[in-house]
Chemist: 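The structure under discussion is supplied below as structure tokens; questions concerning it will follow.
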2 protein chains.
Amino acid sequence: MGVIMGGRRGDTREQIRRVALELFAEQGYEKTSLREIAERLGVTKAALYYHFKTKEDIIASLFDEFGEKVDELVAWARTEPMTREHRVEVLERYAELLRGPAGDLMRFMSQNQQEIRDLKPGEDARARFRTLARVLADDRDTVIDQLRARVSIMALHTSVFLAHDMDISDDERHEAALEIAMELIGGADRGRRAAEREERPAS
Amino acid sequence: MGVIMGGRRGDTREQIRRVALELFAEQGYEKTSLREIAERLGVTKAALYYHFKTKEDIIASLFDEFGEKVDELVAWARTEPMTREHRVEVLERYAELLRGPAGDLMRFMSQNQQEIRDLKPGEDARARFRTLARVLADDRDTVIDQLRARVSIMALHTSVFLAHDMDISDDERHEAALEIAMELIGGADRGRRAAEREERPAS
DNA sequence: GTCTATAATTAGATAGAC
DNA sequence: GTCTATCTAATTATAGAC
């Protein structure tokens with residue numbers, strides 16, 4: 001939208017976010033120091049503190065952007081009844097969301113769950129992850145179907161490093177992970193969910 | 001084999017290992033300080049350094065014990081041709097191995113992959129993980145079957161925290177994770193592997 | 001908006017007494 | 001085998017000049 005910031009180049013904040021995500025994804029949150037982020041950007045630590053109050057604020061800013069998109073996806077998902085076809089559509093959209101920076105962020109989150117567990121942005125992200133899983137399989141589904149939904153999402157998050165030594169392109173890997181995720185949530189001869197629904201009176 | 005240690009109580013080293021695993025699994029490797037381990041045990045940091053040369057040596061000791069068991073499992077797995085039934089058996093044995101301390105260790109590893117990536121014991125563990133996955137699906141299988149094998153192992157490693165807010169017992173969760181893992185590696189109407197083998201001359 | 005300088009804290013690790 | 005005391009290095013964060 002062509003927003004013009006006060007200073008000469010208003011993109012410093014954005015560059016901090018970009019470099020921080022790079023380094024967090026590369027080596028983890030704790031291991032990445034503010035000094036390192038500043039050095040790679042050619043500025044000093046104090047400059048970082050002008051744009052972000054704390055180190056945690058940097059990562060919070062990254063998670064917030066992703067969180068909004070997930071919230072939108074969940075809201076959209078709930079506009080239609082959860083048929084198997086719709087579940088597949090939701091998963092496809094989520095997989096699409098994971099191409100680009102969001103994928104790096106979720107890969108980072110998967111590989112550093114413990115580190116970000118105590119951080120507010122980490123808690124929020126986990127809550128969103130649960131919400132998305134519950135869209136795919138809720139309390140009316142069997143516990144195993146609920147677990148299948150979670151494993152399928154995790155498969156999408158982790159495919160990059162699960163397949164990192166396999167000789168395939170990014171697109172092939174993306175396709176393979178999506179297929180596995182779909183098998184898990186929309187399984188072939190699995191009709192428990194539909195069967196249960198039939199037995200229940202429309203409330 | 002009933003080894004008798006030199007000192008009066010040879011269990012200090014073992015207690016350090018136990019407490020360390022507890023804390024590592026609770027809060028991660030980096031976040032757990034040697035001071036914390038020592039305090040929970042009622043000793044001092046210097047006492048730890050008598051039993052282990054470095055902090056890394058403590059975690060290496062934990063991974064080594066687990067690694068031996070995985071090596072044994074892999075060796076056993078290779079004594080028979082890899083039929084679908086045998087794959088299921090291998091996975092069952094691995095799941096059984098994950099009950100007890102090994103499960104805590106693998107859960108810790110899953111949640112802290114980035115942290116232990118640069119550590120020697122972490123590299124070794126990852127190599128063993130790949131080896132086990134290749135026992136279940138090797139180069140002659142499709143890439144998607146290879147990825148399925150890895151997802152299935154990860155599902156076993158992570159079921160504890162994937163299902164931590166679900167209202168099920170440990171045994172139910174264990175069963176559910178194992179079922180999902182088996183679906184992934186021994187899938188219903190999936191015959192690619194067998195078909196490929198038929199086309200190949202017995203070398 | 002970016003800098004220098006520094007405070008305050010904590011970590012892993014070692015030396016040497018007992 | 002365990003202790004006290006200490007070293008070195010790195011971290012997050014702040015104060016104040018320009």
Side-chain angles (χ1 to χ4, degrees), chain A residues 3-24 26-63 112 114-122, chain B residues 3-24 26-63 112 114-122:
Chain A
V3 177
I4 294 160
M5 304 292 286
R8 34 165 208 255
R9 303 176 56 196
D11 63 346
T12 303
R13 186 186 159 94
E14 201 51 44
Q15 298 220 333
I16 292 170
R17 280 165 39 94
R18 198 199 75 238
V19 168
L21 178 55
E22 272 175 31
L23 288 172
F24 289 161
E26 231 173 76
Q27 51 192 9
Y29 176 72
E30 304 278 3
K31 269 191 185 160
T32 300
S33 67
L34 296 179
R35 177 186 54 74
E36 220 171 345
I37 297 174
E39 269 176 14
R40 185 174 288 204
L41 232 87
V43 298
T44 61
K45 279 192 292 180
L48 265 48
Y49 277 100
Y50 174 80
H51 293 280
F52 296 94
K53 234 178 71 178
T54 65
K55 186 184 180 184
E56 193 174 332
D57 272 12
I58 299 178
I59 202 168
S61 151
L62 294 168
F63 273 108
N112 298 277
Q114 201 96 248
E115 270 189 331
I116 61 176
R117 199 185 50 184
D118 313 314
L119 277 44
K120 271 168 294 182
Chain B
V3 178
I4 293 159
M5 305 291 288
R8 36 164 207 258
R9 305 176 55 200
D11 65 344
T12 303
R13 185 186 160 94
E14 201 51 44
Q15 298 220 335
I16 292 171
R17 280 165 40 94
R18 199 200 74 239
V19 169
L21 178 54
E22 271 175 31
L23 287 171
F24 290 160
E26 232 173 75
Q27 51 192 11
Y29 175 72
E30 304 278 3
K31 270 191 184 159
T32 301
S33 66
L34 296 178
R35 177 186 52 76
E36 219 172 346
I37 297 174
E39 269 175 15
R40 185 175 287 204
L41 232 90
V43 299
T44 61
K45 278 194 294 180
L48 265 49
Y49 277 99
Y50 174 81
H51 291 281
F52 297 94
K53 232 177 72 177
T54 66
K55 186 184 181 184
E56 193 173 332
D57 271 12
I58 300 178
I59 203 168
S61 150
L62 294 168
F63 273 108
N112 299 277
Q114 200 96 249
E115 269 188 331
I116 60 176
R117 199 185 47 183
D118 312 315
L119 275 46
K120 270 169 294 182

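Every value quoted in this text rests on a predicted model; they were computed, and no experiment measured them. Note on naming: letters A, B, ... go to the chains in the order of the sequence lines (proteins, then strands), and numbering restarts at 1 for each one.
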Chemist: Measure the distance from OH on Y49(A) to P on dT4(C) and round it to the nearest whole Å.
Modeler: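 Spelled out: OH on Y49(A) to P on dT4(C) is 16 Å.
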
Chemist: Look up atom CD in E22(A) and atom CD1 in I37(A), then write down how far apart they are to the nearest 0.5 Å.
Modeler: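 If I round to the nearest 0.5 Å, the distance is 10.5 Å.
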
Chemist: Tell me: CD of E56(A) to C1' of dA13(D), nearest whole Å?
Modeler: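 In whole Å, dA13(D) C1' lies 14 Å from E56(A) CD.
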
Chemist: With the side chain of T44(B) defined as its heavy atoms from C-beta on, choose the nearest nucleotide among dG1(D), dT12(D), dC3(D).
Modeler: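 Of all the options, the side chain of T44(B) is nearest to dC3(D).
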
Chemist: Between dA13(D), dA15(D), dT4(D), which nucleotide gets closest to the side-chain atoms of A46(A)?
Modeler: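 Minimum distance to the A46(A) side chain belongs to dA15(D).
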
Chemist: Mind calculating the distance between CZ (F52(B)) and P (dG1(D)) to the nearest angstrom?
Modeler: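 Value for this atom pair: 13 Å.
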
Chemist: Under 4.0 Å between a side-chain N/O of Y50(A) and OP1 or OP2 of dG1(C), yes or no?
Modeler: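 Yes, Y50(A) has a side-chain N/O under 4.0 Å of OP1/OP2 on dG1(C).
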
Chemist: Residues of residues 28-40 of chain B with any non-hydrogen atom less than 4.0 angstrom from an atom of DNA chain C: list those, numerically ordered, please.
Modeler: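 Output list: T32(B), S33(B), L34(B), R35(B).
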
Chemist: How many angstroms lie between atom CD1 of I116(A) and atom OH of Y29(A), to the nearest 0.5 angstrom?
Modeler: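 So the gap between those two atoms works out to 10.0 Å.
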
Chemist: Atom NE2 of H51(A) and atom P of dC3(C): how far apart are they, to the nearest Å?
Modeler: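 In whole Å, dC3(C) P and H51(A) NE2 are 10 Å from each other.
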
Chemist: Looking only at non-hydrogen atoms, find the nearest pair between Q114(B) and K31(A) and report the distance.
Modeler: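 Closest pair (atom of Q114(B), atom of K31(A), distance): O-NZ, 4.3 Å.
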
Chemist: Relative to Y49(B), does K55(B) satisfy both conditions: NZ or CZ under 6.0 angstrom from the six-membered ring centre, and within 45 degrees of the ring's axis?
Modeler: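 Not satisfied by the 6.0 Å and 45° rule.
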
Chemist: Distance check needed: dA13(C) P versus L48(B) CG, whole Å only.
Modeler: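 Taking CG of L48(B) and P of dA13(C), I get 11 Å after rounding.
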
Chemist: Please tell me which of the listed nucleotides, dG1(D), dT4(D), dA13(C), lies nearest to the side chain of K45(B)?
Modeler: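 That would be dA13(C).
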
Chemist: Only one of I58(B), D57(B), I16(B) forms a side chain to side chain contact (heavy atoms under 4.5 Å, CB included) with H51(B), so which one is it?
Modeler: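 Among the candidates, only I16(B) passes.
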
Chemist: If every non-hydrogen atom of T32(B) is compared with every non-hydrogen atom of L23(B), which pair is closest and at what distance?
Modeler: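 Minimum heavy-atom separation between T32(B) and L23(B): OG1-O, 3.3 Å.
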
Chemist: Please confirm whether the shortest side-chain N or O distance from T12(B) to OP1 or OP2 of dT2(D) is below 4.0 Å.
Modeler: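 Yes.
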
